[in-house]
J.: 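Provided herewith is a single structure, encoded as structure tokens, for subsequent inquiry.
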Amino acid sequence: MKAAVYQNPYEIKIEEVPKPEVKAGRVLVHFKTGSICGTDMHFYRGDWRWMKRGRIIGHDACGIRDDTGERVVMVPVVNCGHCYFCLRGLPTYCIHGKFYGLTRDGFFVESKALPSRALISVPDNISDEEAAVVEPVALALRVLNHLQPNLGDWVTVVGQGGIGLLMTQIALLKGCRVIAVDIEDYCLELSKKYGADIVINAKTEDVSKTIRKLTKYGSDFVIEAAGIKETVEQTPFLVRKSGKVVLVGESKGYLNLEDADEAQFFTMYISAIEYPFAVELISRRLVDVRGLITHRFGLEQIETAFKTIDDPLNRTLKVIINR
Ligand SMILES: [Zn+2]
Ligand SMILES: [Zn+2]
């Protein structure tokens, strides 16, 4: 059977791999639809060296259960429930955790055997494509749940790609005032469509000055979702004193904390437990993922898919991979 395999930076190929062995407690799932995310692009560009050669990629996908024929979302993080971190309510950092598509073989393969608790059934009103864009919704939920904003708090979301636009949507659901920042007008148009209070094009406006003027003291919360060093380094100048900054796109960079007294900075990349809530939000039409889908490719065209995303001229947001 065929799988999308990471070989080297800028080299992801379709290869023949053996069919999975279905051990006790596991369910065979046939891949239907997946999507590519910013993490995959970091691997593709060789930014994160811990991606191993020969690893099957893909961590956001839906498929069909072989035993029941049911449609399911595949959850990439499975925790053990009894290690140091699990016992402290931090399943994301499970020592024995499986991170499919990251530290274990992922979902972009014709069939995969998975523990049944890594599968969430998909309600009928969610399309296959929507069921393939759940991971960023779960992450956005985790981030905003963690920040616990009050009604009307300022949330600045730097980067309005797929993940940033979901942060914008969920921050608005939480009753926040959202400042959406990007360098592409087509992204900011979507931010406006989803209800962002303010949009800033960082190419033409001074982001820090505009935010100070609007908020007086700085943004209560800042979410870095652009995934580049420069925007990480900008965050201390956007947050108010004692505010919070979440880095979801990239963690490298120099933080000058001169004016960011008592502000808290932390990273957050993956969500282990918000998946069922994410599926529910999509099903109830509270969060829109359909409007984020810009391109579609077959699994066999995986190389073209990555090349397309890598070129900013193609204006990709969420790119779908179909079987
Ligand atoms: Zn991802
Ligand atoms: Zn654990």
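Small disclaimer: the values here were computed from a predicted structure and weren't measured. One-based numbering, in listed order, for ligands and for the atoms of each. Nothing fancy with the numbering, it's 1 onward along the sequence.
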J.: Under 6.0 Å from the six-membered ring centre of F43 and within 45° of its axis: does the NZ or CZ of R45 meet both?
T.: no

J.: With a cut-off of 2.8 Å, does H82 place any N/O/S atom under that distance from the Zn ion (ligand 2)?
T.: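 It does not: H82 brings no N, O or S atom closer than 2.8 Å to the Zn ion (ligand 2).
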
J.: Got a donor-acceptor contact below 3.5 angstrom from the D220 side chain to the W154 backbone?
T.: yes

J.: The Zn ion (ligand 2) as vertex, arms to SG of C83 and SG of C94: angle to 10°?
T.: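 Taking the Zn ion (ligand 2) as the apex, the two atoms subtend 110°.
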
J.: How about C86: does one of its N, O or S atoms come closer than 2.8 Å to the Zn ion (ligand 2)?
T.: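 For C86, the answer is yes, given that an N, O or S atom comes within less than 2.8 Å of the Zn ion (ligand 2).
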
J.: Looking at I321 and F31, what are the two nearest heavy atoms and their distance?
T.: O-CZ, 3.6 Å

J.: Between H82 and H96, what is the ring plane arrangement, given parallel below 30°, perpendicular above 60°, and tilted in between?
T.: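 Tilted: the ring planes of H82 and H96 meet at 30° to 60°.
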
J.: Taking the Zn ion (ligand 1) as the vertex, what is the angle from SG of C37 to NE2 of H59, given to 10 degrees?
T.: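 With the Zn ion (ligand 1) as the vertex, SG (C37) and NE2 (H59) sit 100° apart.
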
J.: Measuring to the Zn ion (ligand 1), does E135 have an N/O/S atom at a distance below 2.8 Å?
T.: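 It does: E135 brings an N, O or S atom closer than 2.8 Å to the Zn ion (ligand 1).
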
J.: May I ask you to check whether F266 and H146 place their ring centers less than 6.0 Å from one another?
T.: yes

